[in-house]
Amino acid sequence: MTPNELLEILSRAAKLKTTPRHCDTTEGRRESVADHSWRIALMALLLSGEAEFRDADMNRVIRMCLIHDLGEAFTGDIPTFEKTEADARREDELFLAWVDRFPSPQREEWRALLDEMEAMETAEAKTYKALDKLEAVISHNESSLASWLPLEYDLQRSYGWENVQFSPYLKELRACIDAWTQRKIEAGDA
């Protein structure tokens with residue numbers, strides 16, 4: 001990869017730093033896609049020391065976490081409850097067309113990661129997807145209830161629940177997050 005190719009990729013990826021997501025940070029600032037991607041990568045790094053994940057290639061999981069939403073550098077973020085199949089298809093097409101312009105070996109590595117993420121068959125892909133969903137729920141818990149839409153009260157309790165079922169640790173983490181959600185709602189915001 002030439003330095004100019006690297007800079008072109010980084011320039012496109014930088015759009016995620018200013019691409020807003022649906023929820024706010026604890027300080028009331030609109031969260032960016034880059035904020036979300038960074039935190040799920042951090043979650044994967046932290047889990048790499050847990051016994052359950054020692055046999056997984058957590059470096060690969062971190063790579064998945066870092067690239068998973070780069071399609072939003074082209075389309076922006078569309079909340080899951082508003083995103084249509086056509087939206088998802090357009091995002092994937094733009095992202096893949098961009099990746100296909102990468103030089104070798106980066107193109108092949110990213111394509112392999114994306115294929116693995118799409119297939120959702122490996123422990124690594126399942127872990128990345130679970131962390132992606134869990135981080136969104138955590139972020140909403142950190143947001144003021146005033147920013148929640150009415151549908152998010154139910155979504156907060158169900159979003160991504162099926163993605164943690166393969167992992168005892170992630171099921172326990174989800175239970176802790178759910179308890180936090182319940183306390184937050186009962187307290188009116190805490």
**Message:** Atom CD of residue position E172 - does it have more than 12 heavy atoms of other residues, nucleotides or ligands inside 6.0 Å?
**Reply:** no
**Request:** Could you tell me whether R101 and E8 have a side-chain N and a carboxylate O separated by less than 4.0 Å?
**Result:** no
**Prompt:** How long is the gap from CG on D69 to CZ on F95, to the nearest 0.5 Å?
**Reply:** 9.0 Å
**Prompt:** Taking side chain as C-beta onward, heavy atoms only, is E116 less than 4.5 Å from M64?
**Reply:** yes
**Expected output: side-chain E124 to main-chain D57 donor-acceptor under 3.5 Å** = yes
**Message:** Quick check on K83: does its NZ atom have over 12 non-hydrogen neighbours (other residues, nucleotides or ligands) under 6.0 Å away?
**Reply:** yes
**Request:** Working to the nearest 0.5 Å, report the span between CE of M43 and CG of L134.
**Result:** 5.0 Å
**Item:** Atom of W161, atom of Q165 and distance for their closest heavy-atom approach
**Value:** O-NE2, 3.0 Å
**Prompt:** Does the side chain of R157 come within less than 4.5 Å of I185's, by heavy atoms?
**Reply:** yes
**Message:** I'd like to check H68 versus I40 (side-chain heavy atoms, cut-off strictly below 4.5 Å). Are they in contact?
**Reply:** yes
**Message:** If you apply the rule side-chain contact (heavy atoms from CB on, under 4.5 Å), what do you find for L47 with L131, and how did you get there?
**Reply:** CA-CA 10 Å; L47 288 180; L131 296 179; 3.7 Å; yes
**Prompt:** What closest approach, in Å, do A125 and M120 show between heavy atoms, and which atom pair accounts for it?
**Reply:** O-SD, 3.7 Å
**From Q182 atom CD to I177 atom CD1, the distance as rounded to the nearest 0.5 Å** = 14.5 Å
**Request:** Could you pull out the closest heavy-atom pair between R12 and A73, with the gap in Å?
**Result:** NH1-O, 2.9 Å
**Prompt:** Is there a side-chain contact between I9 and M1 (heavy atoms, below 4.5 Å)?
**Reply:** yes
**Item:** Side-chain touch L16/W38, heavy atoms, less than 4.5 angstrom
**Value:** no
**Message:** With a sphere of 6.0 Å drawn around CH2 of W98, does it hold more than 12 non-hydrogen atoms of other residues, nucleotides or ligands?
**Reply:** yes
**Message:** Could you tell me if the side chain of E142 sits less than 4.5 Å from the side chain of W180, heavy atoms only?
**Reply:** yes
**Flag side-chain contact, heavy atom, 4.5 Å: R111 against L96** = yes
**Asked** Checking S48 side chain against L45 main chain: does a donor-acceptor pair fall under 3.5 Å?
**Response** yes
**Prompt:** Is the distance between the ring centroids of H22 and F81 less than 6.0 Å?
**Reply:** yes
**Message:** Tell me the closest heavy-atom pair linking V61 and A44, and the distance in Å.
**Reply:** CG1-CB, 3.7 Å
**Fill in**
Taken to the nearest 0.5 Å, the spacing of I62 CD1 from M58 CE works out to 6.5 Å
**Item:** Check: E72/T19 side-chain N/O donor and acceptor closer than 3.5 Å
**Value:** no
**Message:** I'd like to know if the side chain of R60 pairs up with that of T122 as donor and acceptor (distance under 3.5 Å, no hydrogens or angles considered).
**Reply:** no
**Request:** State, yes or no, whether a side-chain contact exists between C65 and E135 at a heavy-atom distance under 4.5 Å.
**Result:** no
**Asked** Would K133 and V137 satisfy side-chain contact (heavy atoms from CB on, under 4.5 Å), going step by step from the backbone distance to the final call?
**Response** CA-CA 7 Å; K133 305 291 187 176; V137 177; 5.8 Å; no
**Item:** Test item: E152 side-chain N/O and L149 main-chain N/O as donor-acceptor pair under 3.5 Å
**Value:** yes
**Request:** Give a yes or no on whether I78 and Y159 share a hydrophobic cluster (residues Ile, Leu, Val, Met, Phe, Trp, Tyr; joining criterion: side-chain heavy atoms under 4.5 Å apart).
**Result:** no
**Request:** Search all heavy atoms of R21 against all heavy atoms of A136 and return the closest pair with its distance.
**Result:** NH2-CB, 3.9 Å
**Prompt:** More than 12 heavy atoms of other residues, nucleotides or ligands under 6.0 Å from CG of D100: is that the case?
**Reply:** yes
**Message:** Q156 vs W148, test: side-chain contact (heavy atoms from CB on, under 4.5 Å). Steps then yes/no.
**Reply:** CA-CA 10 Å; Q156 192 67 1; W148 288 24; 3.7 Å; yes
**Asked** After noting the C-alpha distance and the side-chain angles of T181 and D178, does the key distance pass the side-chain hydrogen bond (donor to acceptor under 3.5 Å, both in side chains) rule?
**Response** CA-CA 5 Å; T181 300; D178 289 346; 4.9 Å; no
**Message:** Would you compute the distance between atom CZ of R30 and atom SG of C23 and round it to the nearest 0.5 angstrom?
**Reply:** 7.5 Å
**Message:** Tell me the closest heavy-atom pair linking G49 and R54, and the distance in Å.
**Reply:** O-NH2, 3.0 Å
**Asked** Are W110 and L7 grouped together when hydrophobic residues (ILVMFWY) are joined by side-chain heavy atoms under 4.5 angstrom apart?
**Response** no
**Message:** For A112, is there any backbone N or O sitting under 3.5 Å from a side-chain donor or acceptor partner on D115?
**Reply:** no
**Asked** When rounded to the nearest 0.5 angstrom, what distance separates CD1 in I138 from OG in S143?
**Response** 12.0 Å
**Prompt:** Should the pair D35-R39 be classified as a salt bridge under the 4.0 Å nitrogen-to-oxygen rule?
**Reply:** no
**Request:** Starting from the C-alpha separation in whole Å, work towards a yes-or-no answer on side-chain contact (heavy atoms from CB on, under 4.5 Å) for L114 and I67.
**Result:** CA-CA 9 Å; L114 294 168; I67 72 168; 4.0 Å; yes
